[in-house]
Trainee: 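Below is the structure I would like to discuss, written out as structure tokens.
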Amino acid sequence: NDNFGTLFDSMCQSEVYKSLTLGEKHMYTMCRVQAKSPHGRSCLYKHGEEYGRKYDVDKYFVFPAEHMAKYDIDRSNGAKWLKQLETKGFIERVECNKHIKKVNVYAFSNKWQNTS
């Protein structure tokens with residue numbers, strides 16, 4: 001029942017991926033693992049239930065601070081790396097819940113392919 005995250009060869013060979021810092025690469029890998037983990041999927045499901053939404057667990061993911069801690073990711077570094085992954089087109093924030101102090105909802109993105 002171990003979880004895994006998928007990285008694609010074309011992405012890993014792209015110049016934009018190569019330009020990521022080690023922290024950003026690590027965060028992306030952990031996002032992929034988190035998205036497939038039972039605790040990650042459960043958190044997304046609970047968040048959706050709380051707000052009357054249904055999220056496709058194969059498309060969307062959440063990465064709250066307490067889950068980052070399970071992977072020894074510092075909250076401030078994690079937030080910074082998520083922002084950089086968003087800026088560089090690897091993930092998209094589809095729901096920002098900062099004002100209500102709930103988790104942000106993300107989706108994986110292929111926009112990095114259009115970034116050089």
Side-chain angles (χ1 to χ4, degrees):
N1 291 335
D2 207 6
N3 302 300
F4 64 93
T6 304
L7 297 178
F8 299 96
D9 188 48
S10 61
M11 181 185 70
C12 293
Q13 291 185 40
S14 73
E15 291 305 313
V16 68
Y17 183 81
K18 291 176 186 178
S19 75
L20 295 175
T21 66
L22 287 177
E24 292 162 357
K25 289 176 183 176
H26 175 66
M27 189 67 185
Y28 184 78
T29 303
M30 294 299 97
C31 286
R32 285 288 186 178
V33 171
Q34 166 74 7
K36 296 292 185 185
S37 72
H39 58 272
R41 287 175 177 235
S42 174
C43 185
L44 179 64
Y45 178 78
K46 288 177 188 173
H47 175 75
E49 261 193 349
E50 189 174 343
Y51 292 96
R53 298 181 184 116
K54 186 167 176 80
Y55 297 101
D56 179 349
V57 295
D58 291 322
K59 184 174 181 182
Y60 301 103
F61 71 97
V62 294
F63 210 150
E66 61 267 16
H67 293 197
M68 286 184 200
K70 292 178 184 182
Y71 299 113
D72 290 329
I73 298 171
D74 174 76
R75 183 183 192 144
S76 61
N77 282 336
K80 177 180 73 176
W81 295 333
L82 284 170
K83 181 64 180 159
Q84 287 303 311
L85 291 172
E86 189 178 353
T87 299
K88 294 178 181 180
F90 290 91
I91 62 173
E92 294 178 62
R93 187 172 19 177
V94 295
E95 188 176 301
C96 180
N97 292 307
K98 185 176 183 177
H99 64 286
I100 55 173
K101 297 192 186 236
K102 296 288 182 181
V103 295
N104 292 326
V105 179
Y106 297 94
F108 291 104
S109 173
N110 289 331
K111 290 181 180 178
W112 59 268
Q113 293 173 327
N114 302 324
T115 309
S116 299

Trainee: Mind checking side chain to side chain donor-acceptor pair (under 3.5 Å) for Glu66 and listing every partner two or more places apart, or none if nothing turns up?
Mentor: none
Trainee: Donor-acceptor pairs under 3.5 Å, side chain of residues 83-94 to any protein atom, not counting sequence neighbours: which ones?
Mentor:
residue, atom, partner, partner atom, Å
Thr87, OG1, Lys83, O, 2.9
Lys88, NZ, Glu24, OE1, 3.3
Glu92, OE2, Ser109, OG, 3.4

Trainee: Only counting residues at least two apart or in another chain, list the ones meeting salt bridge (Lys or Arg N to Asp or Glu O under 4.0 Å) with Lys54.
Mentor: none
Trainee: Checking side-chain hydrogen bond (donor to acceptor under 3.5 Å, both in side chains) between Tyr28 and each of Lys25, Arg32, His26, which is the one that passes?
Mentor: Arg32
Trainee: In Å and rounded to the nearest 0.5 Å, what is the CG to CE distance from Asp72 to Met30?
Mentor: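 Between atom CG of Asp72 and atom CE of Met30 there are 10.5 Å.
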Trainee: Could you pull out every donor-acceptor pair under 3.5 Å between side chains of residues 55-65 and any protein atom, sequence neighbours left out?
Mentor:
residue, atom, partner, partner atom, Å
Tyr55, OH, Glu95, OE1, 2.4
Tyr55, OH, Glu95, OE2, 3.2
Asp56, OD1, Asp58, N, 2.9
Asp58, OD1, Arg41, NH2, 3.3

Trainee: List the residues meeting side-chain contact (heavy atoms from CB on, under 4.5 Å) with Ser76, not counting sequence neighbours, and say none if there are none.
Mentor: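 Listed in chain order: Asp74.
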Trainee: Of all residues at least two apart in sequence or in a different chain, which pass the side-chain contact (heavy atoms from CB on, under 4.5 Å) check with Lys70?
Mentor: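 Lys70: side-chain contact (heavy atoms from CB on, under 4.5 Å) contacts with His39, His67.
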Trainee: By side-chain contact (heavy atoms from CB on, under 4.5 Å), which residues pair with Thr6, not counting sequence neighbours?
Mentor: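 Checked Thr6 against side-chain contact (heavy atoms from CB on, under 4.5 Å); matches are Phe4, Phe8.
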Trainee: The criterion is side chain to side chain donor-acceptor pair (under 3.5 Å); which residues satisfy it with Tyr45, sequence neighbours excluded?
Mentor: Glu49
Trainee: Atom CG of Leu20 and atom SG of Cys12: how far apart are they, to the nearest 0.5 Å?
Mentor: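 So the CG of Leu20 and the SG of Cys12 are separated by 9.5 Å.
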Trainee: Can you get from Leu82 to Val105 by hopping between Ile, Leu, Val, Met, Phe, Trp and Tyr side chains that sit under 4.5 Å apart?
Mentor: no
Trainee: Closest approach of Tyr17 and Met11, non-hydrogen atoms and distance?
Mentor: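 Shortest heavy-atom contact: CB-O, 3.0 Å.
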Trainee: About how many Å separate NZ of Lys80 and CG of Asn77, when rounded to the nearest 0.5 Å?
Mentor: 4.5 Å
Trainee: So if you build clusters from Ile, Leu, Val, Met, Phe, Trp, Tyr with side-chain heavy-atom gaps below 4.5 Å, do Val33 and Leu44 land together?
Mentor: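 Val33 does not cluster with Leu44.
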Trainee: Would you give the length of the straight line joining atom SG of Cys31 to atom OH of Tyr106, rounded to the nearest 0.5 angstrom?
Mentor: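 One finds 8.0 Å between SG of Cys31 and OH of Tyr106.
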Trainee: Can you measure from CE (Met68) to CE (Met27) and round to the nearest 0.5 angstrom?
Mentor: 4.0 Å
